[in-house]
Amino acid sequence: MDPPPPPTPPPPPPPATQTTAVPAPAVLRRLSAVDASLSQLLHRQNFLPRPLFLLLELSADFRLFFPVSLSLYLSPIPSLRPLLAPLILGLLLDLALVGLVKLLFRRPRPVYNKNMSVAVSVDHYSFPSGHASRVFFVAALVYLSADAMEGALVESRSGGFVDRWIADGSERKFVELLVLVASAWAAATANSRVLLGRHYVCDVLAGACLGVIEGWLAHRYLRL
């Protein structure tokens, strides 16, 4: 008998393909470089006192702003609750969206961002600016809720805070002043993020746009 034929060797494995990371488009790289150069220039040319920026930073911190808003919601002024509900829910929405976008982009903070307090720094990512989105969310919500706030002030006249501090018939002027203060606070805080060295200009612009959108969403869909 003839010996059995030798077994056929298995086919060779296909050649391994090398995967390389796709580089960012040249336009994005150039935009990022211009953004970084402009941000560093603004940071170096700043002449305003640093404690002012730190105060603005703390005023817009979620861990301070959220408990204050929640305390006002639980205060014995029922006319404020319909206004504070979208504020509280919007702050939670802002926290989630900013965290998601930061995880997607993972842009490092500026290298000249020094002495960042542990109480303020919760991550090492820069895009978008959470402070900018938060303050512009609040400013947009205050602007959109101006008529409702005026009505709440009129309903709250019962010999308490409103009667002591706001003259009868001047509710509209008070609300307009509140809108102006919220807008100025938002603009100052957002600019301070660049001047303080915490963020790049594009981080702040993106955060501001996100905050305005969140303000509209909260006013339109998050009312209880």
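Fair warning: this is a prediction, and the values are worked out from it, not measured in the lab.
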Practice item. Would you kindly confirm whether F137 and L83 end up in one hydrophobic cluster when ILVMFWY residues are joined by side chain heavy atoms under 4.5 Å apart? Key: yes

**Study point:** Pair H131, T189: side-chain N/O donor-acceptor within cut-off below 3.5 Å
**Key:** no

Review point. Rounded to the nearest 0.5 Å, how far apart are CG of L87 and CG of L70?
Key: 10.0 Å

Practice item. Carefully, step by step, assess V98 and L210 under the rule side chain to side chain contact (heavy atoms under 4.5 Å, CB included). Key: CA-CA 9 Å; V98 169; L210 178 62; 3.9 Å; yes

Review point. Taking the six-membered ring for Trp, are W216 and Y221 parallel (under 30°), tilted (30 to 60°) or perpendicular (over 60°)?
Key: perpendicular

**Study point:** Contact check, side chains of L195 and L42, non-hydrogen atoms, under 4.5 Å
**Key:** yes

Practice item. Kindly compute the distance separating CG (L180) from OH (Y143), expressed to the nearest 0.5 Å. Key: 13.0 Å

Check your understanding: Taking atom CZ of F62 as the centre, does the number of heavy atoms from other residues, nucleotides or ligands within less than 6.0 Å exceed 12?
Key -> yes

Check your understanding: Looking at R50 and L196, what are the two nearest heavy atoms and their distance?
Key -> NH1-CD1, 3.5 Å

Point to revise | Smallest separation among heavy atoms of R134 and L91, with atom names | key: CG-CD2, 3.8 Å

Review point. Can D203 and R107 be counted as an ion pair, charged N to O under 4.0 angstrom?
Key: yes

Point to revise | Residue pair V101 / Y125, side-chain heavy-atom distance below 4.5 Å | key: no

Check your understanding: Does a side-chain N-to-carboxylate-O contact under 4.0 Å join R193 and E57?
Key -> yes

Practice item. Say whether L177 and V138 are linked into one hydrophobic cluster, either directly or through other cluster members, by side-chain heavy-atom distances under 4.5 angstrom. Key: no

Study note, to complete from the structure: Closest heavy-atom pair, M149 versus V175, reported as atoms and distance to 0.1 Å, is CE-CG1, 3.9 Å

Review point. To the nearest 0.5 Å, what is the distance between OG (S129) and OH (Y200)?
Key: 13.5 Å

Exercise for review: Group every Ile, Leu, Val, Met, Phe, Trp and Tyr by side-chain heavy-atom contacts under 4.5 Å, then state whether L54 and F47 land in the same group.
Suggested key: yes

Review point. How close do A218 and G90 get, heavy atom to heavy atom, and via which atoms?
Key: CB-CA, 4.4 Å

**Study point:** Flag side-chain contact, heavy atom, 4.5 Å: S32 against L28
**Key:** no

Check your understanding: Can you tell me how far CG of L92 sits from CD of E214, rounded to the nearest 0.5 angstrom?
Key -> 11.0 Å

Exercise for review: Would you sort out whether L205 and C209 count as a side chain to side chain contact (heavy atoms under 4.5 Å, CB included), showing the intermediate values?
Suggested key: CA-CA 6 Å; L205 293 177; C209 293; 5.5 Å; no

Exercise for review: Would you please name every residue forming a side chain to side chain contact (heavy atoms under 4.5 Å, CB included) with A186, sequence neighbours left out?
Suggested key: V135, F136, A139

Practice item. Treating Ile, Leu, Val, Met, Phe, Trp and Tyr as nodes and any side-chain heavy-atom pair under 4.5 angstrom as an edge, say whether F127 and V34 lie in one connected cluster. Key: no

Review point. Under a 4.5 Å side-chain heavy-atom rule over Ile, Leu, Val, Met, Phe, Trp and Tyr, are V194 and Y112 clustered together?
Key: no

Point to revise | Side-chain heavy-atom pair V204, N191 within 4.5 angstrom cut-off | key: no

Study note, to complete from the structure: Nearest heavy-atom contact between G130 and D94 is O-OD2, 4.2 Å

**Study point:** Separation between CD1 of I213 and CG of L93, rounded to the nearest 0.5 Å
**Key:** 11.0 Å

Review point. Any sub-3.5 Å donor-acceptor pair from R106's side-chain atoms to L103's backbone N or O?
Key: yes

**Study point:** Any side-chain heavy-atom pair of S126 and P110 under 4.5 Å
**Key:** yes

Practice item. May I ask you to say whether D35 pairs ionically with R30, meaning some side-chain N is under 4.0 Å from a carboxylate O? Key: no

Review point. Heavy-atom distance under 4.5 Å between the side chains of S145 and R223, does that happen here?
Key: yes

